[in-house]
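Here the structure is laid out as C-alpha cells; the discussion comes afterwards.
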Amino acid sequence: MLVLWCPDWPAVAAGAAEGHSPHLPAAVFCANRVVACTAVARSAGVRRGMRRREAQARCPELGVFGEDDGRDARLFEPVAAAVEELVVGVEVVRPGLVAVPVDGAAGYFGGEYQLVEKLVDHVSGAAGVECQVGVADGLFAATLAAHRSALVERGTAAAFLAPLGIHELDQPGAERAELVDLLKRLGLRTLGAFAALAERDVITRFGGAGLLAYRLAAGRSDRPPTRRRPPPELAVTKTFEPPLDRVDAAAFIAKSLGERFHAGLASRGLACTRIGIYAVTERDEEFGRVWRCAEPLTPQGIADRVRWQFEGWLKARDRPTSGVVRLRLEPEETVEGRSLQLGMLGTEHALAADKAARALVRVQGLLGPESVFTALLDGGRGPAERVRLVPWGDPRAEAAPEGTTWPGRLPSPSPSIVLDRPVRAVVVDADGREVAIDARRRVTAPPYQVGLDSGEPKLVLDWAGPWLVDGQWWASDGRGVAARMQVLLEDDTALLLTRVGGERPLWMIEGMYD
C-alpha cells in the first residue's frame, strides 16, 4: 500500500481558505485546544493539545482557525485528483491522506522509488502543496511510513513498527486515546511491546477494539484476509430534477441517502468499509471518488463523506459545468456487520429505535432538516441553560470546551420539568418575613412556607442551598446575581426556586422535580 500524506492539512486548508500566508504561523482549534498547527507555528513552540491562551502567548502572531471537516475535504479534492492522474484506485482515507495500491503503478513507472518521486513532484506542481509518501504492508504501517517518508520492504512491517511509540495507535479518527493511555499505564511504551503480548490475553482484557489495535501494532492488516464482494443491488442511486448544484441541498440529500444505503447493507448483515461516490451531470460528465474508513461506516459517516465530496466537486477548479442529475453510492468493500448486530437483550428496543430513526428522517424529508430536534445536555449553570436542541442527524457534540468549569452549577439531579416562564413565588420564614440572601450570600432564615401568586402557602418539609450564580458580577446593583434553592413541600412537591436580583429581588419557581 502506498500512502500520500499532506502534513498539517487542517491548518494548511484553513489558511488557504482564509487567504492566510503559508509562511505565517497558523493553528486549528477545537474545544479551545490545538488540533493541528503548521511547521512555522511548531517552531515557535505551539503544540497539539495546547490551550489557545498558551499557544498565543508563545506565538502572538498565530493565525487562529476553527475546525471544519467540510472545508478540509473540499480543499483536498485537487490533491486527490492530482494523485489520480498518475495512479488508479485512489482511496481518500481522510482529508490530507490518500492510499493507493502500489503494485501496478510501481511496475508502470519502473519501481517504487520512481513512483514516489513522480508523485511528490506532480502533486506539488498540480495542487501546490507539500506531501510525503510512504510504502508498507497495510494501511496503518504505510501511514506511519508516510510520516517518516520511508519505503518499508515487503514482510518487514512488524520490524518497522516495533520501536515506534504506542501513541501512534491514536491516529486521527481512530479514537484510541483511552486505550493508549491505559497501555502506557500498564508499561507498554512501544508498538513492539504491545505486539509481544498473547492475542488471547489481549482480546480478554481489551475486547474487539483492543484486538484491532493489537493487529495493527503487529504489522498485520486492519482488514480480514478475505473480504466479501458486495452484490450490485446494494448500490443506491438517486436522480435529481432539477439538477443539484448547491452544497446545502447536497448535504440534506446526503442524510436520507446515507440512511437508505446503510439500511440496505444492514439487512444483509454487512457493513461498508470502502464507499464509492459517483455523480453524472446534465452534460454527461462523470465524477467519482472512493473513500476508505478503518471502521464500518455509520449513516452519519456516509452522509458526511457525500457532503464533503460534493463540496470538493462543486468548488474545485475543474468543477462540473452543469448540475448533477444522478448520484450513486456503491459499496466497494464490505465486512461482516458484527458491530451492527443486535444484542440478545434489548433487541426489541433496538428495533423500535431504528424504526423511529427512519420515521424522523422521513419527517425531515417532508418538512426540512430543521423540523426535527433532539435535546442535548450541554454546559451551563441552570437547567434551562444546559439544554441545547440539535437537528436530527447532526453530531451530538457538546459546544462547551472540554474542562470548562461552571461555578454555581446546580448539582444533580436536575428538575424533570423546567418552566418556559418562571412563576412568582413567596418564600417566608417562621415569623412571616420574606427569606432573602444576605451580604454573606446566605439565606437570612430557613424557609418555612412557600406560596404562589394564587393558592394557599404550603409548609416546607426540607430544603437545600442556596447556590449562588454570579452572572454579571460587575453590576453594582446586584442585578446579575441569582441564587437557587431546592424545597420539598408538605404535599410532596419538590421545587427549584431562583432568587433574581435587582431593585426588588423576587423568588421564582424555575422547575419541578418528579
Side-chain angles (χ1 to χ4, degrees), residues 2-83 92-99 116-117 119-134 142-150 164-165 167-175 177 180 304 308 311-312 315-317 401-403:
L2 181 148
V3 165
L4 182 138
W5 173 59
C6 296
D8 314 314
W9 181 253
V12 173
E18 299 295 332
H20 189 77
S21 172
H23 303 293
L24 296 177
V28 174
F29 291 82
C30 178
N32 213 36
R33 290 186 180 273
V34 178
V35 294
C37 61
T38 60
V40 181
R42 280 195 299 276
S43 66
V46 180
R47 296 291 183 270
R48 284 186 62 187
M50 187 176 289
R51 289 187 178 275
R52 176 173 173 174
R53 181 179 297 177
E54 183 181 357
Q56 289 181 307
R58 295 193 180 190
C59 184
E61 66 275 17
L62 182 70
V64 176
F65 304 101
E67 191 176 40
D68 187 344
D69 292 335
R71 173 199 63 205
D72 300 345
R74 181 180 71 250
L75 295 179
F76 190 64
E77 176 60 21
V79 180
V83 176
V92 180
V93 180
R94 62 175 182 271
L97 193 74
V98 295
V116 168
E117 184 178 359
L119 262 179
V120 172
D121 291 342
H122 184 70
V123 170
S124 299
V129 297
E130 296 182 357
C131 62
Q132 296 177 201
V133 175
T143 300
L144 299 189
H147 292 172
R148 296 157 177 80
S149 297
L164 303 184
H167 66 276
E168 298 287 3
L169 287 172
D170 189 24
Q171 293 295 312
E175 298 181 355
V180 168
D304 285 343
W308 297 343
E311 289 181 346
K315 297 186 178 182
R317 182 177 56 186
E402 185 179 357

Mind checking whether [X] and [Y] have side chains closer than 4.5 Å, heavy atoms only?
{"X": "Leu2", "Y": "Leu119", "answer": "yes"}
{"X": "Leu164", "Y": "His147", "answer": "no"}
{"X": "Val79", "Y": "Val98", "answer": "no"}
{"X": "Leu144", "Y": "Gln171", "answer": "yes"}
{"X": "Pro10", "Y": "Glu67", "answer": "no"}
{"X": "Thr143", "Y": "Leu97", "answer": "yes"}

Heavy-atom pair of closest approach, residues [X] and [Y]:
{"X": "Arg51", "Y": "Phe29", "value": "C-CE2, 4.5 Å"}
{"X": "Val34", "Y": "Ala27", "value": "CG1-CB, 4.3 Å"}
{"X": "Val28", "Y": "Ala14", "value": "CG2-CB, 4.0 Å"}
{"X": "Pro60", "Y": "Ala57", "value": "CD-O, 4.2 Å"}
{"X": "Val40", "Y": "Ser43", "value": "O-OG, 2.5 Å"}
{"X": "Ala146", "Y": "Trp5", "value": "O-CE3, 3.8 Å"}

(request) Please list all pairs passing the salt bridge (Lys or Arg N to Asp or Glu O under 4.0 Å) test where one or both residues lie in residues 6-31, with sequence neighbours left out. (result)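 Every pair satisfying salt bridge (Lys or Arg N to Asp or Glu O under 4.0 Å) with a residue in residues 6-31: Asp8-Arg42.
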(message) So for atom CD, which belongs to Gln56, do other residues, nucleotides or ligands contribute more than 12 heavy atoms lying within a distance under 6.0 Å?
(response)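 Atom CD in Gln56 is crowded, with more than 12 foreign heavy atoms closer than 6.0 Å.
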(message) Are there over 12 heavy-atom neighbours, none belonging to Glu61, within less than 6.0 Å of that residue's CD?
(response)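 Yes, CD of Glu61 has more than 12 neighbouring heavy atoms, counting only those of other groups under 6.0 Å.
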(request) Rounded to the nearest 0.5 Å, what's the gap from CG on Asp69 to CZ on Arg94? Could you check? (result)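 Result: 11.5 Å between the selected atoms.
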(message) Could you measure the distance from the CH2 atom of Trp308 to the CG atom of Leu75? Nearest 0.5 Å is fine.
(response)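 Output value for this atom pair is 13.5 Å.
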Closer than 3.5 angstrom, by distance alone: can the side chain of [X] be matched with the main-chain N or O of [Y] as a donor-acceptor pair?
{"X": "Ser124", "Y": "Asp121", "answer": "no"}
{"X": "Thr38", "Y": "Ala26", "answer": "yes"}
{"X": "His20", "Y": "Pro25", "answer": "yes"}

(message) According to salt bridge (charged side-chain N to carboxylate O under 4.0 Å, His left out), who are the partners of Arg48, at least two apart in sequence or on a separate chain?
(response)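 Checked Arg48 against salt bridge (charged side-chain N to carboxylate O under 4.0 Å, His left out); zero matches.
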(message) Once you measure the plane-to-plane angle for Trp9 and Phe76, does it fall in the parallel (<30°), tilted (30-60°) or perpendicular (>60°) bin?
(response)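 If you compare the ring of Trp9 with that of Phe76, the planes turn out perpendicular.
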